[in-house]
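All remarks here apply to the structure that follows.
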Amino acid sequence: MTEDRGRLAGVGRTLIGTSAGVLASALVGFGRNLSLAAAIGTGLVADAYNVANQVPAQIFLLFGGGTLAVLFVPEIMRHARTSAQRSDEYGSFLLFASVAFGLLMTLLLVVFSPLIIKIMGGSSWSDAQSSLGLRFSLWCMPQITFAAMFSVAGQLMIARGRIVAIGWMPTVNSLVIIAACIPVIAVGTAQASSPGALAPWEVTLLGGSTLLGSALQSMLLIYFLHRGGFRLHVRFIVRGLGLRRAARAGLLTITAGALFQISNLTITALSTQAGSAAKSLGHDGRGFT
């Protein structure tokens, strides 16, 4: 009876800690959005930043990023029950694979970023806004690597029953961006509907903080995963890990996720172009943001 009470108390503390983290992340995330709106407005400049920030994540999910990590959870649990070493080897393989996938996607997106910006903005984007969107995108594209790491590390944490840290990690990302917005707000030279008026240091500060926040939350989660008992293995035997079984089981899930992200990308492009077109016609255009 005492053991059952202790287990229930542990579950209760986990739920409270996780719920508090999710709530804090939501509140701080709202504060991040307010800070960005105060720094760069909600017009053309914000569209350039948000398209550069959101599109890499949407493309990452389009190609199965995140979804694949979830599909491997049953295999992680199976290995955890049979052998702690085999479980760590499986997790290590997934982490290395996620980094490789993220780096490949980042390279491709950097190469094709001018084309992506052109597609997203269409003919309605001016040269100044296209240039701003491209500069922001070069800062934001590498987030894919850290997003892949975060996704796999999060599933490994869940498999080990350590979910509290996952709920708190987005708070770290948001706080970094809020800190970067403060100097931009203090200077007050950014003009919401004038992409060419944003100074290079402001682009670097906002873009760099967005990348830093993503990297920091991923590395912190890896740290907590290590504290939870996970040990990274450089050498592992791929055969027998159950990768094919997991991939086959998730084919429909990956397809559904891909179709959903295609719709998101379409909406992003149409709304962004609508805002720019309205501005060119003399209206105070509001687009994707």
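We use all heavy atoms of the structure for the numbers below, so side chains are in, but hydrogens, waters and symmetry mates are not.
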May I have the step-by-step check of side chain to side chain contact (heavy atoms under 4.5 Å, CB included) for Ile166 and Thr18, ending in yes or no? CA-CA 8 Å; Ile166 302 173; Thr18 305; over 6 Å; no
Backbone of [Y] reached by a side-chain donor or acceptor of [X] within 3.5 Å:
X	Y	value
Gln155	Val152	no
Ser113	Val110	yes
Arg231	His226	yes
Ser92	Asp88	yes

Same apolar cluster: [X] and [Y], side chain cutoff 4.5 Å:
X	Y	answer
Ile117	Ile40	no
Val22	Leu15	no
Met169	Tyr223	yes
Val55	Ile267	no
Leu132	Ile116	no

Listed partners of Ser194 passing side-chain contact (heavy atoms from CB on, under 4.5 Å), at least two apart: Gln191, Ala197
For Phe150, check ring pair (Phe, Tyr, Trp, His ring centres under 6.0 Å) against everything at least two apart and list the hits. none
Test side-chain hydrogen bond (donor to acceptor under 3.5 Å, both in side chains) applied to [X] - qualifying residues, sequence neighbours left out:
X	value
Gln54	none
Ser25	Thr171
Ser137	none

If the test is side-chain hydrogen bond (donor to acceptor under 3.5 Å, both in side chains), which one of Asn53, Thr210, Asn173 qualifies with Gln143?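 For Gln143, the side-chain hydrogen bond (donor to acceptor under 3.5 Å, both in side chains) test succeeds with only one of Asn53, Thr210, Asn173, which is Asn53.
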Intermediate values then yes/no, side chain to side chain contact (heavy atoms under 4.5 Å, CB included), Trp139 and Leu206: CA-CA 9 Å; Trp139 279 108; Leu206 292 173; over 6 Å; no
Report yes or no: do Asp47 and Gln129 form a side-chain donor-acceptor pair below 3.5 Å?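 No - no donor-acceptor pair under 3.5 Å links their side chains.
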Once ring-ring contact (aromatic ring centres under 6.0 Å, His included) is applied, what residue pairs with a partner in residues 114-137 remain, sequence neighbours excluded? Tyr49-Phe136
For Leu221 and Met149, run side chain to side chain contact (heavy atoms under 4.5 Å, CB included): C-alpha distance rounded to whole Å, both residues' side-chain angles, the deciding distance at 0.1 Å, then the answer. CA-CA 9 Å; Leu221 193 60; Met149 289 174 55; over 6 Å; no
Does the pair Leu156 and Leu95 meet the rule for a side chain to side chain contact (heavy atoms under 4.5 Å, CB included), with working shown? CA-CA 10 Å; Leu156 292 173; Leu95 280 173; 4.1 Å; yes
